[in-house]
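Here's the structure we're looking at; comments come further down.
In each ligand, atom 1 is the first atom listed, and ligand 1 is the first ligand listed. Sequential numbering from 1 along the given sequence is applied to the chain's residues.
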Amino acid sequence: MDISMLKQSLAQYGQEHLLAFWETLDDHDKRELYKDITEINMRDVTTFFKRTTDSLNEDQEKLDDRLQPVPSEIYGSAAQTSKEKLKIYQNEGLRQIAEGKVGVLLLAGGQGTRLGVPYPKGMYDVGLPSHKTLYQLQAERIRKLEELAFDHTGVHGSIPWYIMTSEHTKEPTLDFFARHNYFGLKKENLIVFEQGMLPCFTFDGKIILENKNKVAKAPDGNGGLYRALNEKNILENLQRRNVKYLHVYCVDNILVKLADPVFIGYCISKGADCGAKVVEKSFPTEAVGVVCKVDGKYQVVEYSEITLKTAQKRNPDSRLTFSAGNICNHFFTTEFLQNIVNEQEFSLKHHVARKKIPYVDSNGDIIKPEKPNGIKMEKFVFDVFQFSNDFVVWEVPREDEFSPLKNADGAEKDTPTTARHDLYSLHHRYLVAAGGELVHDKHMPIILSEPSPIHNGNGTIQETNNNEIKNSNLKWKGPMICEISPLVSYAGEGLEDIVCRKKFQPPLCLRHPLEKSFNKNTCDKGEH
Ligand code: UTP
């Protein structure tokens, strides 16, 4: 350890306070701190800080005059597309999946501070009857989609699943999948990698010490993806596997349709290099980023970046003019990503997140601040839209595809309860569309007298054990509990043979016979 050299270099960047406790540390702690500091590229991070905070002033200028909505010719909408056309898109997506050309990439490096659990959000169990975690639901959707692609084409294709984690989430994620036998996926098709970390700064540009021998660091945002794609050789992996199209999405949307063949097929048929799935913004002041054009380039603009007047602007059909609500659900060609990684990554700006960052004070005490005391610098995954030459947008009904888990129960929105209820509601609609019915009047006959095997061509489907129904019948209150395993249906397909003209008493769980027991297959209790 060359401490005098380190002191000099820190002084050059105004960060010599990082060694304030040096003399009080034992050898082990000295080595830890030395490693922690020397891993940081001081020139880069102080440049990022300056660039980010300088642009804060510019950013506060409202963007209204430079803003245009996404042109209608590149704005598709599932609700306004004919069934025939949707089928064409879907078939194209399934064909590409069967050929092994489609991958999915999960952004799971966030710290999930609002949800407040000490493990990765993907391991969260929102309390479905099956107790499946977000990771398990996603794994099973991939499995089902591979099966559907095979049924459609007769060709077996795998969907490789890339999972971007961070220092906090990598090991627990790897361990979780291993303990659960990769939820039936092939181990080699699960590629877990780690994004970079950046030091946290005070508002005046000093790097924060979390404790005497540790620098406060945070993941570099979901846009850290582009750097990680290069540094962790993921781009190379995509190319080696001949994956041409990637669906990138966030961990927290319980309704996410991974590698949605309709979306993939739509993007491919439009020749897109980059696409965004969106939902219609609900009301002008909703805190959701909106996909639009700024100075002719595609971008996601936050509500705070425009005036209320612009946010309230409506088209003749009364829809909001800026209505394309971003749900972090993107399509990229591998070629586009290669260009981003090689040519554009460095120019992507960091954004400032003002956060409460625990720190060590001058007495050596750890302080947990009650209001934001510093900043984390984050890149955003959607900031690459500006580089697209063939950008498209695909709007889907929110109730079918978007219900994020952000907060713990008790918050107003985006909680385990809202996620659970949104999933029940969607699955209930699948059931009804397939001719089934849920009944919750306790005087209605219970249709399932025994766990009765029903055949659907794929095998046997078992419903919830009747005893569970009877017991819960008396105390049951609340929403129509209806959960359909992704192994039974990816998006409502294939249910007619199972449910048509049948009445079911909630809670209803439709599961595949391969799912021996819900409890065995899912998250250990300790992880909830
Ligand atoms: P959020 O911005 O909602 O952050 O991330 P979060 O970490 O999940 O939650 P809070 O803000 O701390 O409460 C949106 C998506 O981006 C991923 C998250 O894992 C989530 O899927 N993400 C976020 C990353 O992959 N890396 C990051 O550095 C930040």
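Taking the six-membered ring where tryptophan is involved, the planes of Tyr430 and His427 are essentially parallel, since the angle between them stays under 30° and well short of 60°. Ring geometry for Phe331 versus Tyr245: interplanar angle under 30°, hence parallel rather than tilted (30 to 60°).
The protein non-hydrogen atom at the shortest distance from atom 25 (O) of ligand 1 is Gly109 N, 2.8 Å. The protein heavy-atom contact nearest to atom 15 (C) of ligand 1 is Cys250 SG, 3.3 Å. Protein heavy atom closest to atom 11 (O) of ligand 1, with residue, atom name and distance, is Arg114 NH2, 3.0 Å. Protein heavy atom nearest atom 12 (O) of ligand 1, with residue, atom name and distance: Thr113 OG1, 2.6 Å. The protein heavy atom nearest to atom 16 (O) of ligand 1 is Asn222 ND2, 3.2 Å.
Within the 4.0 Å heavy-atom cutoff, Gly221 counts among the residues contacting ligand 1. At least one heavy atom of Lys121 sits closer than 4.0 Å to an atom of ligand 1. Using a 4.0 angstrom heavy-atom cutoff, Gly224 does not count as in contact with ligand 1.
When only modelled atom types and interatomic distance are considered, Tyr135 and Thr173 share a side-chain donor-acceptor pair under 3.5 Å. Residues Asn237 and Tyr162 bring a donor and an acceptor atom of their side chains to less than 3.5 Å of each other.
Tested against Ser485, the residues His512, Arg511, Lys144, Lys132 include a single side chain to side chain donor-acceptor pair (under 3.5 Å) partner, Lys132.
The heavy atom nearest to atom 9 (O) of ligand 1, out of those in Ala108, Gly110, Gly112, is found in Gly112.
Near Gln195, meaning under 4.0 Å from any of its heavy atoms, are these atoms of ligand 1: 24 (C), 25 (O), 26 (N), 27 (C), 28 (O). Listed by number with element, the atoms of ligand 1 under 4.0 Å from a non-hydrogen atom of Met164 are 25 (O). Taking every heavy atom of Lys406 and a limit of under 4.0 angstrom, the matching atoms of ligand 1 come to 1 (P), 3 (O), 14 (C).
Arg141 forms no cation-pi arrangement with Tyr249, by the criterion of a distance under 6.0 Å to the ring centre and an angle within 45° of the ring axis.
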- prompt: Between Thr165 and Phe193, is a side-chain contact (heavy atoms from CB on, under 4.5 Å) present by the stated rule, with each step listed?
  reply: CA-CA 6 Å; Thr165 57; Phe193 63 102; 5.9 Å; no
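Salt-bridge formation is not detected for the pair Asp220/Lys376: no Lys NZ or Arg NE/NH1/NH2 atom is positioned less than 4.0 Å from an Asp or Glu carboxylate oxygen.
Looking at Glu378 against ligand 1, nothing comes within 4.0 Å, counting heavy atoms.
Polar contact with ligand 1: present for Leu107 (N/O pair, distance under 3.5 Å).
Counting only distance, with no hydrogens or angles, the side chain of Glu305 and the backbone of Glu302 share a donor-acceptor pair below 3.5 Å.
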